[in-house]
Structure formats: C-alpha cells, structure tokens
Protein chains: 4
Amino acid sequence: MAEDADQARKSIGARRNPDSAEAILEAAEAVLVEAGYAGFSIEAVARRARAGKPTIYRWWPSKAALLLEVYQRQKRVDVPDTGKLEEDLVGFLENLFAHWRETSSGSVFRSLIAEAQTDETAATALAGYAGGRRAHTGQIIERAKARGEVANDIDPAVVADLVASYAWRHLLTNRLDEPEATIRKVVHYLLQGIAASGR
Amino acid sequence: MAEDADQARKSIGARRNPDSAEAILEAAEAVLVEAGYAGFSIEAVARRARAGKPTIYRWWPSKAALLLEVYQRQKRVDVPDTGKLEEDLVGFLENLFAHWRETSSGSVFRSLIAEAQTDETAATALAGYAGGRRAHTGQIIERAKARGEVANDIDPAVVADLVASYAWRHLLTNRLDEPEATIRKVVHYLLQGIAASGR
Amino acid sequence: MAEDADQARKSIGARRNPDSAEAILEAAEAVLVEAGYAGFSIEAVARRARAGKPTIYRWWPSKAALLLEVYQRQKRVDVPDTGKLEEDLVGFLENLFAHWRETSSGSVFRSLIAEAQTDETAATALAGYAGGRRAHTGQIIERAKARGEVANDIDPAVVADLVASYAWRHLLTNRLDEPEATIRKVVHYLLQGIAASGR
Amino acid sequence: MAEDADQARKSIGARRNPDSAEAILEAAEAVLVEAGYAGFSIEAVARRARAGKPTIYRWWPSKAALLLEVYQRQKRVDVPDTGKLEEDLVGFLENLFAHWRETSSGSVFRSLIAEAQTDETAATALAGYAGGRRAHTGQIIERAKARGEVANDIDPAVVADLVASYAWRHLLTNRLDEPEATIRKVVHYLLQGIAASGR
DNA sequence: AGTTAATCGAGACGGTACGTCTGGTCTTCAC
DNA sequence: GTGAAGACCAGACGTACCGTCTCGATTAACT
C-alpha cells in the first residue's frame, strides 16, 4: 500500500500529490468501515492517512465531498440484461443489496445520505449523483419498453425513482438482507400492478 | 408560552416538572425549524429552553429520543378513506408531503432518519416507529382488499413499504413539491402495473 | 502533585474546580520550565494538566492572563531593609536576579513581556502589574528619603523605573549572572552620579 | 518601486536577485507596520512581496534574521555632540524615542526583542547587535570623559547599558512619549546622583 | 554554442496550535 | 430527592503558519 512504503510523503512540487489523495481516500474508506459514520471525522481520516488536515480540506471542501469521491471510486454494481424485465429488476436489486451489504459501499452511501441532511453542498452533490443513477437505472426500463415489455405511456424516470426509493429505504433501515422472494414480490407488483379488477 | 412566562423555572420538588418538559420539546422544535438539523444540538435546545443539559439527558437518553418525541407530538397526517384505493393513496401521499412541507414535521423526521444513521438506539426507535406506521398505512390496502379492489395474494405490508419508501426518498432529497400528476402516475403504476402485456 | 493523584478530575458542580485551576497553573509553569516560551502553548498546558482546552479558556482569556497568574503565584522577591540605600538597592537587584535565575520566575516573566508585544491585553495587564511593582520598589527610595539619604527633589518613581529597566534588560538578554561588582557599580553611579565635577 | 514594475520577478540566473531581496525587506517592513508583530509571518511577507517562501528562507534563516536586517537598513538615529554630556544624553534619548515613535523602527525593534525570547539565534544576533550599539553609545560617555566631564573611574559600558535599559523598557511598555522633563530628570540623576549627602 | 547550475515564483506537503463548539457526566444548591 | 445550572474532560471543527520539498522557467557562467 502507498501509505506503508513511504513513511512521510513529501510534496512533489506545486501540484497535487496523487499518493496523498490515494492515501486519504483509502483512509476515509477504512475509517468508515471500522468506526462507522459516527466515528468518521476529518481528524480521524488525517491521522489514518498520515496526512495533514489542511491537505484534506484543500481538496475536499467538506466531509460530503470526500464521502462522495470515496463512493464513486468503488466498483459499480452490475446492471443485468437478461432480456426479461422482471429478471433484470430483481437481479439489479439483488446485486445492489449484495454490493451494499458486502462491500463498504453501503456504509459509505448511508453516510452520504445522512451527511446530505446536514450539509447543503452534500445535498446538491447527492442530488446530482442520484439524478445520474436514476437515468442509468431508467435504461433497464427503456430497454424493456423497446422490447415491448412495458406500456408506451410509462415514464421510465418515475419507475426508476420508485425502484431506487425502495433500495434507499432498505439501506437506511438496515434491511439489505431481504429474501429474494420479497424483492421478487415488489418487482412483480410493480410490473403487474396490485389491482384485482381489470384482469 | 412556557418559556416566556417564567424567566427561571425552579424545581417543583421531587418530581418531573411538566413545564420543563414542555419547554424543552418546544425549544427542540423551534431550534430544528430555525437552524435545521445541522444546528440542532442538545446544547442549543438547553439554551433555548433555559434548561440544564442534564435535565434533558435525564428524560431523553439521546438526541434521537428527543426528536422522536417531538415528531410524535405533532398532529398526525390524515389518512383519507374515499372508498377508492387510488384516491386514498394519492390523497395520503399528498397529505403527507404537504404535512412535511408545511409544518416542522418534515425537518424533524429527516433529522430522525439522519440521526438513526449515527446512533444505534435511534435506529431501533425509528425501526419500531416505522413498523407501526407501515402497519397503519397498510390498512389502506387492507380496506381496499376487503372491498375487492386489490388482488387476494397481495401482501399489504410490502405495498406499504413501497409507498413509504417513495415518500422517504422525496423527503430526504428535498422533493416534497412533486406535482399531483407525478404522484398519481406512481400510484397508477403501482395499481395497474407497468407491464404492456397482461392488460 | 495534584495531577497524579486523580486520574480524571470531575466537575464539582456549577462552580470552578480549584483542583483544575491548580493543576493548570502548575502545568503551565512546568511547560514553561521544560520547553520554554517557544514551547508554551495552551494545548501543551491542557495536555500536561489533563484538562480540556475550554476549561483553560473559560478562566484565562488569553495566554497572557495565564502567564500573569503563574507569575503572581510565585514567591515575592525579598526587598531588603538594611538602613543603607546602597545596600538595599544592591541587595534588591541581587535578590531579584537570583530569584529570576533560580526559580521559574525569570522564564515566566520573560514570556510575559514577550507576549505583551503580541497581545494587547497582555500589554495592559503587564503595565498594570509593572506600575504596582514600581511603586513597591519606589518605597526603598522613599525610606531612604525619609532617612535623609536622598535629596528632597528626587522623584522615587523615576528612580524605580530606572532600576527596573536595568533588571528587565538583563532578564531579556540573558545576563542575570552579572557579578555583584557590576551591580554595585550601577547602584553607585546612580547614587553618587557619574559627573566628575560637583564632587 | 520594484514590486510594482514587474508583476512577476524572474530568476536572473545563478545568483541572488537583488530586486527580490529588496522587495522582501520592504514587504517585511510594510507588514510589520500594518499588522504589527502579531501579524508578522513569513507567509504574510511572502504574499506581500510576491515571493516564494523558500526564497525568503534561503537568505534569512529565521524570522529574527529578517527582522534584524530590516532594522539595520533603517536610518541610524543621530547621536548629538554638543560638548555637554547632559545635552548629549538627553538629546540622544529624545532622538531615539522620536525615531522609534515616528518610523517603523520601534515596531521592528520591539519585534526583534520579542522574537529573541523565543528564538535562540535571534537572541544571539540581538546580543551581538546590542553589544555594538552599547559601544557606540558608550562613546558619548568616552567623549565626556576625555573632556573631564566624567570621573575617571567610570565604566562607560555600564553607563551605556543603563541608558539603553531605560530606552528598551520604554519601548517595550509603550512609553515612548515621555516628556522631555522626565528624560532630563533621568539623565540628571545619572550625572549628579540622587544621594543627598556628599554634596 | 551548449551545458550546467543556481535562482526565481509557486504552491503542496505533514504538522502543530489556534480558539470555538458540542457531547455526555458530575456535583452543588434551591426548592 | 429532583431540577436547574454550569463546570468538567474530551475531542472535532475549520484556519493559519510553520519549515521543507519539488516543480518548471529562466539566465549567467563555464565549458
């Protein structure tokens, strides 16, 4: 690891030292995993990364910015493309839950959402990010629509919003271990509706 | 108001002083409204309520407990019963959004969710509360099921979860001003499904 | 020592804890002795005293206030009264130099003077203190005047100022080990004048 | 001025750029005048001089060295030679006080003394400088001695020390506006002594 | 004429200290 | 024996400087 090799990173001139950036991002993730959002402080990250606080503040104006970059560095979750909308959505949610459960992504993203309730800039950053993801998830719906699996008058963004909402709430309430059956139920309701009449 | 009348509440003997409790809850709400979750601290509440910090800690073990009580003191949102599920759900969501938008409830609940990401006891308390609400919201579905509006094999708790998820995410991302049309779309998708076939 | 006995001083109610005050003053003196004025920081004092920084700032608004109190706690230097002005002044200066040399007083007072160059309030505090001391030293002259040893038109405050100036400069330039002969010379010049004529 | 003409001084090859040195010394003086010793930092000087910090550290190893050079660049105070010792000494002190009061010299020298309390090298430099000045001031006494105005057994260095002490203390305690009468008193005491007997 | 070497402004680096804020605990005193 | 008050230790906040380092450019002096 970068922070083991050199016992004291030096400046590399009048420009950002990528080693420091790397060490800080790694430290941020490590602190978050080990101490949780409650123990996540700039001081703790600086100590862990053997970096000065001003170095962190220079590049990340807020805790939120740091969290966001940590989150974005992580591997994206796979978006399946099986040719069947139900399988795609179930797979997507299961992948997402597993990703959040099994990597530090879940902690990081929870922290980011929490931070956004406090910090205005975090809220903005998160909104921007969420917008992007919504569009991305919407493509699952778009594809299905193109295949004729989804009615023409359906707004993919709204559907994506609904799916993401479900995921967020399970993240925020520690329910990422929902059995596949439940997820399948949710997706099924969404596809077929819950109304009795009209069938 | 309690905090205006007496400039220095005294002990009323060996029992809880209800004026203090009242003043603290009011102060907590006021602080939350004026300074937001970011500025919400036990210190600030104590200052505002002209109370000692230990008095607060004696009765509310954590910030979360205080927030929860503040939230619960507030007027419940109306759950409509029009006899039509779609109208009930749209009405419920609109009432809820308006309530969150127009009273301090929204801020309080946001804060509570954020706090639950840091504080374990807050998470538990919130989970308990959310469970209760889910059951409550589930009754809208139950009623519709009893009327035959909803298919027999539908799990009301899951549907309520989905609806609540949508509400939470809009609260957390500052989108409580969603137009009725969008809300109606969401409810419609949920009722009739989004699949093209099967109609 | 106070700071060894109890591993964590607690509050003793809604009033100042004398143990803390004591521990802080002792720590301040110790830090000054061990690390000098250059290493004297509120942080270092807090660490040494196992006290919180706010506790220090609560009672001493500035580094200068703390230094001043440390200085004033220390034993006063003896002002001799031999009945002969020359002996009194020589004795006073020697006592003062020895006191500054052999206790921490010298370091403390140097620091105080240095701090007063930076900090306005320190300057004021020092001016007040120095005024008091000058009056005090002036009494040596007054006594001699009463005995008829000093001319009637002599202003004791001015003489005291001159004597104190000599002491200050030797403190500030690390010349507290001046031999008695030199001190006696200075006092002699002051008493008898340096002019050739008029003798 | 040098720092106005060129908006970015460049290197002039493998030797010291006198423009930079000049700009730094001017900036140091300006910062000291405008912000006082409290606001005097190498960073501030570098900013003001549009110079890199290493350029300053290359030529002046410490804040003290920089201060000393700033002080020495300034016009010397006039040492009067009226042929009468009393007039010489009164004049010297008045010139010195005026010089310190009306130019930036006072601030600079105060800062230098303060710095010497922190910085060992500053103390050495100051001691060297003060020694030189003492010898210089001593010449007033020497001249008087040659004229027979001063007794033979008087040590000019000690007298000069006493005079300088008086000046230092007035500088350090913001009393440079002493009326001429007081200064004359001091000089008079020194020349004629304060003792009543022996006249 | 090309190379070398020292200088320049610039600004990032790991650190330390600043003075403030809050968290949660504890004790005293008035009621 | 409770409530209000406020002090206590602890430690995070975000900022200012410290003194060091590395850069890319610039240019005089030495091959």
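The sequence lines fix the lettering, A, B, ..., with proteins before strands; numbering per chain opens at 1. What you see is a predicted model; the values in this text were computed from it and never measured.
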Under-4.0 Å side-chain N/O to phosphate OP1/OP2 contact, [X] with [N]:
X: B/R47; N: E/dT22; value: yes
X: A/R9; N: E/dG14; value: yes
X: C/R50; N: F/dC8; value: no

If I take atom [atom1] in residue [X] and atom [atom2] in nucleotide [N], what distance separates them, rounded to the nearest angstrom?
X: A/W60; N: F/dT15; atom1: CH2; atom2: P; result: 16 Å
X: C/D19; N: F/dA7; atom1: CG; atom2: P; result: 16 Å
X: A/L66; N: F/dC13; atom1: CG; atom2: C1'; result: 15 Å
X: B/I42; N: E/dT22; atom1: CD1; atom2: P; result: 12 Å
X: A/R48; N: E/dG14; atom1: CZ; atom2: P; result: 16 Å
X: A/K10; N: F/dC23; atom1: NZ; atom2: P; result: 13 Å
X: C/R58; N: E/dG19; atom1: CZ; atom2: C1'; result: 14 Å
X: B/I24; N: F/dA5; atom1: CD1; atom2: C1'; result: 13 Å

| query | How many angstroms lie between CD in D/E69 and CH2 in D/W60, if you round to the nearest 0.5 Å? | reply |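 One finds 5.5 Å between CD of D/E69 and CH2 of D/W60.
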| request: Report the distance from atom CD1 of A/I113 to atom CD of B/Q117, rounding to the nearest 0.5 Å. | output: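 Nearest 0.5 Å value for the CD1-CD distance: 7.5 Å.
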| query | On DNA chain F, nearest-nucleotide positions of A/S11 versus A/F40: which is more 5'? | reply |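 Nearest-nucleotide comparison on DNA chain F picks A/F40.
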| Which residue lies toward the 5' end of DNA chain F, D/A44 or A/Y57, if each is placed at its nearest nucleotide? |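 Taking each residue's closest nucleotide, the earlier one in sequence belongs to A/Y57.
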| message | Name the residue from C/I56, C/L112, C/L32 that meets the side-chain contact (heavy atoms from CB on, under 4.5 Å) definition with C/L66. | response |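 The option that passes is C/I56.
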| query | So what does B/T55 hit on the nucleic acid, given a heavy-atom distance under 4.0 Å: a base, only sugar-phosphate, or nothing? | reply |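 Base contact.
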| message | Categorize B/K63 for me: base, sugar-phosphate, or nothing, with a 4.0 angstrom heavy-atom threshold over every strand shown. | response |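 Sugar-phosphate, no base atom in range.
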| task | Please figure out whether D/G52 or A/P54 has its closest DNA chain E nucleotide nearer the 5' end. | result |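 By nearest-heavy-atom nucleotide position, the 5'-most residue is D/G52.
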Which of the following nucleotides, [options], is nearest to the side chain of [X]?
X: D/W59; options: E/dG14, E/dC8, F/dG14; result: E/dC8
X: C/E43; options: E/dG15, E/dA12, E/dA17; result: E/dA17
X: D/S20; options: F/dA5, E/dC8, E/dC13; result: E/dC8

| field | A/K53 (side chain) and F/dG14 (base): donor-acceptor pair under 3.5 Å | value |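 Per atom types, the contact qualifies.
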| message | Can you tell me whether the side chain of C/S41 and the base of E/dA17 have a donor-acceptor pair closer than 3.5 Å? | response |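 There is none.
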| Any side-chain donor near an acceptor of the partner, D/Y129 and D/Q72, under 3.5 Å |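 No pair is found: no donor N or O on one side chain lies under 3.5 Å from an acceptor on the other.
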| said: Under the salt bridge (charged side-chain N to carboxylate O under 4.0 Å, His left out) test against A/R48, which residue among A/E34, A/E26, A/E43, A/E29 passes? | reply: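 The residue from A/E34, A/E26, A/E43, A/E29 that satisfies salt bridge (charged side-chain N to carboxylate O under 4.0 Å, His left out) with A/R48 turns out to be A/E34.
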